[in-house]
Amino acid sequence: MSKIDPLPGLSPYPLQHFFDEMYADERNVRPHYKHVNRMFSGMSPEELQAKQNMMQRRMMEEGITFTLYNPAQDQPMERTIPFDMIPRIIPKDEWERLEAGIIQRITALNLFIHDIYHEQYIVKDGIVPRRMIISNCYFRPEMAGLRVPGGAYVNTSGIDLIRHHDGQYYVLEDNLRTPSGFSYLFKGRSMMNQLFPELSFASSIRDVDHSLNRFLSVLRSLSPTRTSDPVIALLTPGEYNSAYYEHAFLAQQMGIHLVEGRDLVTKDHKIYLKEMNGLRRVDVLYRRLDDDFIDPLAFQPNSLLGVAGLMNAYRAGNIAIANAPGTGVADDKAMYVYVPDMIRYYLNEEPILGNVPTYLLSRAQERQYVLDHLPEMVVKETSLSGGYGMLIGSEATKEDLAEFRLKILAEPERYIAQPIMSLSRAPVLSGGTMTPRHIDLRAFVLMGADRKPHVIPGGLTRVAMREGSLVVNSSQGGGVKDTWVMA
């Protein structure tokens, strides 16, 4: 059998009109990929398949899984996350611009959330319409006037970016409630170091392991007590949640308690962990479930996942919650349209990273334009994530288009639309050969009580594993790559 690329530097697949992360053109590899290309081009399909099998075995042994809620009939509910061995590489200067743009964005979003729950200057000055706030299903009146540690509402966030065929990065989405994917970033780097030590250690790339210490420091900084060793717990919905592996991984790596709602109890407006020898007070709760479920006394009364009385303890200043309740008001897909205006309003700066052009379907003129061009659009429900409730016009049937047209006409305020963007591609290994797949980038940001955002170098590259697909979400069958930032 032949090598995957007998002429190093020659693209093994047609580049077409997409931006390719590894290949500048049909005959030239981008400079920062030359070492990686040379190594993978020098391996036979049998060697590559053996490495892939070894990786799959390790993922199975360590339980690195993701649960699909709506799997195809021939697909199991729980599966190992597809991990591709060819890393995605970002040059130093390119990352520095991305990092600056991400920090700028998350700083403005955090200021917006504080403003919305206090003076609401941005509403009074006519930048964001009041109806966008009060009609937002993630707006929590219970948070009005409450102080959060250091004013840091968004302690963990995931900013999704794409690269268009023009080579420019655009922000696709802000994830500010309970962003997932941290564990795949850290574990992916660990497995690459084990499987390709000669590749990763010979390359000058930014380390990500220290970001776990930063993660723990962020949570510690939120503690309302002055103790030097605050008790921190990660609140998980339980083992049947799609991201449970991540919950367990983060708790183990940071040395914090992994708990479910039934493990906690409220007493005197404080939260305690039930232990064999009694109760132990919890100072910081890193929650991995949405607002609706964290406290049945404050939100969904039928929730069995949360802690009754948690919000009373929070109001009393006896516990910190990361992320703060109500942060979802800023990552609603309709609110995304206003983020560039937030940056100008709060920071008096021009946005470093642009938004994808977005149409608010509550606006009659924009709605009509989208309906006239539906096959060219991606339509999303404003309150959903994970690739659910979405229409990709170019892949939709006539029946799908007709169904969504009726949905839009019935409740236009529930939807936004964006033109179909040409996501960049990167090579993945399939059957011993390189083949192109569309990718995006989820950049993770940590923010403690000092309100100084830390962007984890590289983040997580998500891959649409199906040929031609633009859907990279893990919940829809997407995979991941290790992401290298050149030092």
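Predicted model only: the values in this text are computed from it and were never measured.
With a 4.5 Å cut-off on side-chain heavy atoms, Asp400 and Leu391 count as touching. A heavy-atom distance below 4.5 Å is not found between the side chains of Met434 and Val428. A heavy-atom distance below 4.5 Å is found between the side chains of Val36 and Pro87. No side-chain heavy atom of Phe299 sits under 4.5 Å from any side-chain heavy atom of Asp290. No side-chain heavy atom of Ile352 sits under 4.5 Å from any side-chain heavy atom of Tyr169. Using a 4.5 Å heavy-atom threshold, the side chains of Thr236 and Leu258 count as touching. Looking at heavy atoms from C-beta onward, Met59 lies in side-chain contact with Phe83 at the 4.5 angstrom threshold. Side-chain contact between Leu310 and Ile321: present, with at least one pair of heavy atoms (C-beta onward) separated by less than 4.5 Å.
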>> Applying salt bridge (charged side-chain N to carboxylate O under 4.0 Å, His left out) to Asp20 and Arg30, what does each step give before you reach the verdict?
In response: CA-CA 9 Å; Asp20 193 273; Arg30 299 187 189 279; 5.7 Å; no
> Given the rule in the side-chain hydrogen bond (donor to acceptor under 3.5 Å, both in side chains) test, do Tyr170 and Asp166 qualify, once you have shown the distances and angles that lead to the verdict?
Replying inline: CA-CA 11 Å; Tyr170 296 87; Asp166 59 7; 2.8 Å; yes
> So Ser422 and His165, side-chain hydrogen bond (donor to acceptor under 3.5 Å, both in side chains) or not? Walk me through it.
Replying inline: CA-CA 6 Å; Ser422 300; His165 62 67; 4.5 Å; no
> Passes side-chain contact (heavy atoms from CB on, under 4.5 Å), Val356 versus Val378? Steps please.
Replying inline: CA-CA 11 Å; Val356 173; Val378 177; over 6 Å; no
>> Between Glu246 and Ser180, is the side-chain hydrogen bond (donor to acceptor under 3.5 Å, both in side chains) condition met? List the steps.
In response: CA-CA 8 Å; Glu246 171 155 299; Ser180 63; 5.1 Å; no
>> Run Asp331 and Leu109 through side-chain contact (heavy atoms from CB on, under 4.5 Å) and show every step you take.
In response: CA-CA 9 Å; Asp331 79 357; Leu109 283 164; over 6 Å; no
>> What verdict does the side-chain hydrogen bond (donor to acceptor under 3.5 Å, both in side chains) test give for Arg177 and Tyr138, after you've listed the backbone C-alpha separation in whole Å, the side-chain angles of each residue and the deciding distance to 0.1 Å?
In response: CA-CA 10 Å; Arg177 286 171 285 151; Tyr138 298 120; 3.0 Å; yes
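Applying the salt bridge (Lys or Arg N to Asp or Glu O under 4.0 Å) definition to pairs two or more places apart or across chains, those involving residues 98-107 are Arg105-Asp174. Contacts classified as salt bridge (Lys or Arg N to Asp or Glu O under 4.0 Å) and involving residues 445-459 (residues at least two apart or in different chains) are not found. Counting only residues at least two apart or in different chains, side chain to side chain donor-acceptor pair (under 3.5 Å) contacts with residues 434-445 comprise Asp160-Arg442, Thr435-Arg437, Asp440-Arg462. Evaluation of the salt bridge (Lys or Arg N to Asp or Glu O under 4.0 Å) test over residues 183-196, restricted to residues two or more places apart or in two chains, returns Glu62-Lys187, Arg189-Asp482. For residues 439-465, the set of pairs meeting the ring pair (Phe, Tyr, Trp, His ring centres under 6.0 Å) definition, not counting sequence neighbours, comprises Phe182-Phe444, His210-His454.
Atom CG of Leu460 is separated from atom OH of Tyr184 by 9.0 Å, given to the nearest 0.5 angstrom. Atom CE of Met421 is separated from atom CD1 of Ile162 by 4.0 Å, given to the nearest 0.5 angstrom. We find the CG-CD1 distance between Leu285 and Ile256 to be 9.0 Å, quoted to the nearest 0.5 Å. A distance of 10.5 Å separates CD1 in Ile106 from CD1 in Ile103, rounded to the nearest 0.5 Å. Note: Lys333 NZ to Tyr415 OH = 12.5 Å, rounded to the nearest 0.5 Å. In this structure, OG on Ser223 lies 7.5 Å from CD1 on Ile232, to the nearest 0.5 angstrom.
Under the 3.5 Å distance criterion, the side-chain polar atoms of Lys380 are left unmatched by any main-chain donor or acceptor of Ala417. A donor-acceptor contact shorter than 3.5 Å links the side chain of Asn355 to the backbone of Tyr336. Counting only distance, with no hydrogens or angles, the side chain of Asn323 and the backbone of Asn155 share a donor-acceptor pair below 3.5 Å. One N or O on the side chain of Thr433 and one on the backbone of Ser430 form a donor-acceptor pair closer than 3.5 Å.
Not counting sequence neighbours, the partners of Gln104 by the side-chain hydrogen bond (donor to acceptor under 3.5 Å, both in side chains) test are Glu349. Remark: Glu399 engages Thr397 in a side-chain hydrogen bond (donor to acceptor under 3.5 Å, both in side chains) (not counting sequence neighbours). In this view, Arg414 and Glu381, Glu411 satisfy the salt bridge (Lys or Arg N to Asp or Glu O under 4.0 Å) rule, not counting sequence neighbours. Residues passing the salt bridge (Lys or Arg N to Asp or Glu O under 4.0 Å) test with Arg280 are Glu275, sequence neighbours excluded. In terms of the side-chain hydrogen bond (donor to acceptor under 3.5 Å, both in side chains) criterion, Thr327 has no residue partners (sequence neighbours excluded). Contacts of Asp93 classified as salt bridge (Lys or Arg N to Asp or Glu O under 4.0 Å), with partners at least two apart in sequence or in another chain: none. With sequence neighbours left out, Arg163 forms a salt bridge (Lys or Arg N to Asp or Glu O under 4.0 Å) with Glu21, Glu94.
Nearest heavy-atom pair, Gly393 versus Ile420, reported as atom, atom and distance to 0.1 Å: N-CD1, 4.3 Å. The two residues Arg88 and Tyr33 have their closest heavy-atom pair at CA-OH, 3.2 Å. Pairing each heavy atom of Gly167 with each of Phe19, the nearest pair is CA-CD1, 3.6 Å. His35 and Leu199 get closest at one heavy-atom pair: CD2-CD1, 3.7 Å. Heavy-atom minimum distance, Ala233 versus Val282: CB-CG1, 4.2 Å. Across all non-hydrogen atoms, the minimal contact from Gly458 to Thr483 is O-CG2, 3.4 Å.
Using a 30° and 60° split on the angle between ring planes, Phe249 and Phe186 fall in the parallel class, below 30°.
In this structure, Tyr23 has its ring center no closer than 6.0 Å to that of Phe18.
Sparse packing is recorded around CG of Leu304, with 12 or fewer heavy atoms of other residues, nucleotides or ligands lying under 6.0 Å away. When the shell of 6.0 Å around CD of Glu467 is examined, it contains 12 or fewer heavy atoms from other residues, nucleotides or ligands. Atom NZ of Lys34 is surrounded by 12 or fewer heavy atoms from other residues, nucleotides or ligands within 6.0 Å.
Ion pairing between a basic and an acidic side chain is recognised when a charged N comes within 4.0 Å of a carboxylate O; Asp291 and Arg287 show such pairing. One finds a salt bridge joining Glu96 and Lys92 here, because a Lys/Arg side-chain nitrogen approaches an Asp/Glu carboxylate oxygen to under 4.0 Å.
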